[in-house]
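See structure below.
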There are 2 protein chains.
Amino acid sequence: MATTASAPARRGPRTRAELLDAAERVVLRDGPAASMNAIAAEAGITKPILYRHFGDKAGLYVALADRHIETLLERLRTALTQSGTRRARTEAAIDAWLRLVEGNPALYRFLIHRGQAEEPQVRDRVAVFQRRLGEALAAGIAAELALPEPQWPRAQAWAHGIVGMVQAASDWWLDEQPFDRAALTRHLADLIDGAYARA
Amino acid sequence: MATTASAPARRGPRTRAELLDAAERVVLRDGPAASMNAIAAEAGITKPILYRHFGDKAGLYVALADRHIETLLERLRTALTQSGTRRARTEAAIDAWLRLVEGNPALYRFLIHRGQAEEPQVRDRVAVFQRRLGEALAAGIAAELALPEPQWPRAQAWAHGIVGMVQAASDWWLDEQPFDRAALTRHLADLIDGAYARA
DNA sequence: TGACAGAAGTTACCGCCGGTAACACACTGG
DNA sequence: CCAGTGTGTTACCGGCGGTAACTTCTGTCA
């Protein structure tokens, strides 16, 4: 039916990248509840091929996330190691994150909001991303403060906390938008800077 | 089979509380992926009764969450309004949260970690809890700092950020446990207190 | 050129899920 | 005695993630 003479429907192999493109389109359109059938249809193929490529749904989602995670981690590391004041580094790192959030909320929700969850395996593997963010930030903080190794756990606690802070504030801000991105960056940097203690 | 003469299997009505008890047992045992069938079986009944009581899975989960949310919110409000130093209030609020996390990780994951998610309706309604935490904290901060109304959004940004901070730090800490609860409380209170800026 | 290995892709199925329709049984009040 | 109401059941629906088994195409090498 779908494959009449007028629609040759390519028999050749799809590349992994093409499949991921299709999957991304569907996920960004339907949210993380996107079904494997829908993704396969979007890619112009059927389910078993997806499973041959990615193993299971978790594998597909991880592959999807990996395309963006490295980019973002790199931007954060750049922000964290740039020259200038510590405050500038703080703001640059937060802003790198908020730009992603503002520019593509659907992608953000997919990446960090572990939207799918159903299967524990998916939750765990996607949660890894948040952990990697935290570890990257912990390294940045330890370097920033020149902390000796015994104090690393403290830096880790702070780092994972800060990642969660920016993430939760992003969620709230996406819904409410009471001010622009730059203002949120400032407010969060203020908080990390100890503005609450001084207020 | 399961209902032989030796097991009369009660024909009388189950109360809503009994059903919630059973649901809670299953959710804490199997995680948020617990199926309605499993919950019904645990309660000694069958699915349609659950649906008569709670409408759908989201309804059951909300009812389940509501049993604990008010308690926790009350504890937080108490901590936020107690007398003493600001630092003491900060630590008391964080510690109230961490006690729940440490005392019943499974319940914590269910409440805050929006584990289920599959259906958007469930996600949204469960996410409401985190929002309420944030709003309660925002009120506390606005009161603490005697902020005029125009500055409330700033307090909200901080509050929702801090809620996320404590939550993310809890997640990490539950897995790693590099120090005890009191130390985590101190570290997080330090961060809010501006220790990073002073370091 | 042609037989063939193997990748690419399909159909058809499995068990389970959330959710519902339709029916069976007890208990009460008129 | 019987209707009505609430409690429970069985049996089903469509759709999900995932898989087995088969077909069809394509490139390779004698």
Side-chain angles (χ1 to χ4, degrees), chain A residues 1-5 7-20 22-23 26-27 30-64 115-126, chain B residues 1-5 7-20 22-23 26-27 30-64 115-126:
Chain A
M1 304 298 185
T3 313
T4 60
R10 299 200 31 205
R11 291 268 330 165
R14 271 76 172 173
T15 70
R16 196 180 158 92
E18 282 177 307
L19 299 185
L20 285 175
V26 176
V27 166
D30 298 353
S35 81
M36 294 296 267
N37 252 325
I39 292 172
E42 172 73 27
I45 53 170
T46 50
K47 266 194 305 178
I49 305 179
L50 283 182
Y51 284 93
R52 270 221 264 274
H53 273 278
F54 302 106
D56 60 2
K57 198 178 189 182
L60 198 168
Y61 278 49
V62 169
L64 216 46
Q116 57 288 9
E118 332 172 13
E119 312 295 332
Q121 37 170 337
V122 185
R123 254 219 2 75
D124 292 350
R125 300 190 66 176
V126 176
Chain B
M1 312 295 179
T3 313
T4 59
R10 297 197 36 201
R11 292 267 328 163
R14 271 75 172 174
T15 70
R16 195 181 158 93
E18 282 177 308
L19 299 185
L20 286 175
V26 177
V27 165
D30 298 353
S35 81
M36 294 296 267
N37 252 325
I39 293 172
E42 172 73 25
I45 52 170
T46 50
K47 265 196 301 179
I49 305 179
L50 282 182
Y51 284 93
R52 273 220 266 274
H53 274 277
F54 302 106
D56 60 2
K57 197 179 189 181
L60 198 167
Y61 277 50
V62 169
L64 216 45
Q116 59 289 9
E118 332 172 13
E119 311 296 330
Q121 37 169 337
V122 186
R123 251 215 9 72
D124 293 350
R125 300 189 67 178
V126 175

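Sequence lines set the chain letters: A, B, ... in the order given, protein chains first and strands last, and positions in each chain run from 1. Side chains are part of it too, since the values below use all heavy atoms of this structure and drop only hydrogens, waters and symmetry mates.
Overall, the helix from C:dT1-D:dA30 to C:dG30-D:dC1 carries an axis bend of 30° between its ends, with five pairs at each end and the value rounded to 10°.
Residue B:Ser35 is classed as a sugar-phosphate contact, given heavy-atom separations below 4.0 Å to backbone atoms only. Looking at heavy-atom distances under 4.0 Å, B:Ile49 makes contact with a base.
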Tabulate below the donor-acceptor pairs under 3.5 Å that side-chain atoms of residues 41-54 of chain A make, not counting sequence neighbours, or state none.
{"unit_1": "A:Glu42", "atom_1": "OE1", "unit_2": "A:Arg29", "atom_2": "NH2", "d": "2.9"}
{"unit_1": "A:Glu42", "atom_1": "OE2", "unit_2": "A:Arg25", "atom_2": "NH1", "d": "2.3"}

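Going from atom CZ of B:Arg16 over to atom CG of B:Leu60 covers 8.5 Å, rounded to the nearest 0.5 Å.
Nucleotide D:dC16 holds its P atom 15 Å from the CG atom of A:Leu60, rounded to whole Å. In this structure, OH of B:Tyr51 is placed 18 Å from C1' of C:dA22, rounded to the nearest angstrom. Summarising the geometry, the separation between NZ on A:Lys47 and P on C:dG9 is reported as 17 Å, rounded to the nearest angstrom. Taking atom CD1 of residue A:Ile39 and atom P of nucleotide D:dG15, one finds them 17 Å apart after rounding to whole Å. Whole-Å rounding puts the B:Asp30 CG to C:dC16 P distance at 14 Å. Between the C1' atom of D:dC12 and the CE atom of B:Met36 lies a distance of 17 Å, rounded to the nearest Å. The CZ atom of B:Phe54 sits 15 Å away from the P atom of C:dT20 (whole-angstrom rounding). Rounded to whole Å, atom C1' of C:dA7 lies 16 Å from atom CZ of A:Arg16.
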Show your reasoning for whether side chain to side chain contact (heavy atoms under 4.5 Å, CB included) applies to A:Asp56 and A:Met36. CA-CA 9 Å; A:Asp56 60 2; A:Met36 294 296 267; over 6 Å; no
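Side-chain to base pairing of A:Arg52 with D:dG18: no donor and acceptor N or O lie closer than 3.5 Å to each other. Interface remark: the A:Lys57 side chain does not form any donor-acceptor pair with the D:dG18 base, using a distance-only criterion of under 3.5 Å.
Residue B:Ile45 places its side chain closer to D:dT9 than to any other of D:dT9, C:dT10, D:dG18. Taking the side chain of A:Pro48 as heavy atoms from C-beta on, and the options D:dG18, D:dT10, C:dT11, the nearest nucleotide is C:dT11.
Of all the heavy atoms in A:Ile39 and A:Ala22, the pair that sits closest is O-CB, 4.4 Å.
Residues A:Asn37 and B:Thr46 both approach DNA chain D. Their nearest nucleotides, taken by heavy-atom distance, put B:Thr46 toward the 5′ side.
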